[in-house]
Visitor: 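My structure is below; once you've seen it, I'll send some questions.
Along the sequence shown, residues are numbered consecutively beginning with 1.
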Amino acid sequence: MARKRITEAPAIKSWEEVDATLREIAEAELELGDIEAEMNRQIIGAKKVAEQASKPHADRIAKLEKDIKEFVEEHRTDLGKAKSKALNYGEVSFRLSTSVTVPTAKEKLEKIIRSLKARNMNDCIAVKETVNKENLKKYGKDTVNAIGATYKQKDVFGYEVFKDKVERTSSAV
């Protein structure tokens with residue numbers, strides 16, 4: 001049996017049908033917005049309920065952590081040379097923590113960067129170079145292609161629905 005090719009005709013056959021389809025999309029988007037708004041209200045409600053239910057536990061944990069920390073710091077000598085103590089239900093320990101803070105003021109930051117460069121500590125300087133494609137496309141096809149990038153232009157289909165012209169058929173949620 002020979003293969004048959006089936007060609008489907010476009011579902012929309014007139015500008016009136018396009019307009020009716022845009023109205024249908026607008027109505028569906030309005031309904032979708034209502035559904036999402038209700039979902040967000042329910043999520044916010046569930047978060048509040050969970051927050052209220054968990055608050056006493058979180059507060060109790062914070063108090064207990066503070067009490068443990070105060071006790072262990074007072075009795076640090078009991079650890080001897082060890083920095084930790086294993087217990088039946090957990091372990092307490094001291095760990096050396098190192099952090100570096102860098103000022104955010106532009107002048108101070110520039111001074112630090114100059115000092116790093118003077119000491120050849122370039123590995124401590126983060127430099128991120130990227131291509132700004134929006135600016136690059138302003139140079140045109142020939143320039144963009146000459147530098148090794150690709151310049152493409154195409155007509156892209158889009159549509160806009162006028163939701164304000166559609167009467168809501170269901171009551172707002």
Visitor: Side chains of Leu116 and Asn122: closer than 4.5 Å at any heavy-atom pair?
Guide: no
Visitor: Taking side-chain hydrogen bond (donor to acceptor under 3.5 Å, both in side chains) as the test, write out the residues that go with Lys85, two or more places apart.
Guide: none
Visitor: Is there a side-chain contact between Leu79 and Phe94 (heavy atoms, below 4.5 Å)?
Guide: yes
Visitor: Checking side-chain contact (heavy atoms from CB on, under 4.5 Å) for the pair Arg114/Glu110: CA distance, chi angles, key distance, verdict?
Guide: CA-CA 6 Å; Arg114 281 193 304 274; Glu110 288 172 352; 3.8 Å; yes
Visitor: Once side-chain contact (heavy atoms from CB on, under 4.5 Å) is applied, do any residues pair with Asn135, and if so which ones, sequence neighbours excluded?
Guide: Asn132, Lys138
Visitor: Is the shortest heavy-atom distance from the side chain of Val131 to the side chain of Leu136 under 4.5 Å?
Guide: yes
Visitor: Return yes when atom NZ of Lys165 has more than 12 non-hydrogen atoms of other residues, nucleotides or ligands closer than 6.0 Å, and no otherwise.
Guide: no
Visitor: So, using side-chain hydrogen bond (donor to acceptor under 3.5 Å, both in side chains) as the criterion, who are the partners of Gln52 when residues are at least two apart?
Guide: none
Visitor: So, using side-chain hydrogen bond (donor to acceptor under 3.5 Å, both in side chains) as the criterion, who are the partners of Lys47 when residues are at least two apart?
Guide: none
Visitor: What pairs with Gln42 under side-chain hydrogen bond (donor to acceptor under 3.5 Å, both in side chains), at least two apart in sequence or on another chain?
Guide: Glu38
Visitor: So, Arg23 and Asp19, do they make that salt bridge, N to O below 4.0 Å?
Guide: no
Visitor: With heavy-atom distances below 4.5 Å as the criterion, would you say the side chains of Ser84 and Arg95 are in contact?
Guide: yes
Visitor: What pairs of residues pass the side-chain hydrogen bond (donor to acceptor under 3.5 Å, both in side chains) test when at least one of them lies in residues 64-83, not counting sequence neighbours?
Guide: Lys63-Asp67, Lys66-Glu70
Visitor: Hey, what do you get for CG (Leu109) to OG1 (Thr104), rounding to the nearest 0.5 Å?
Guide: 8.0 Å
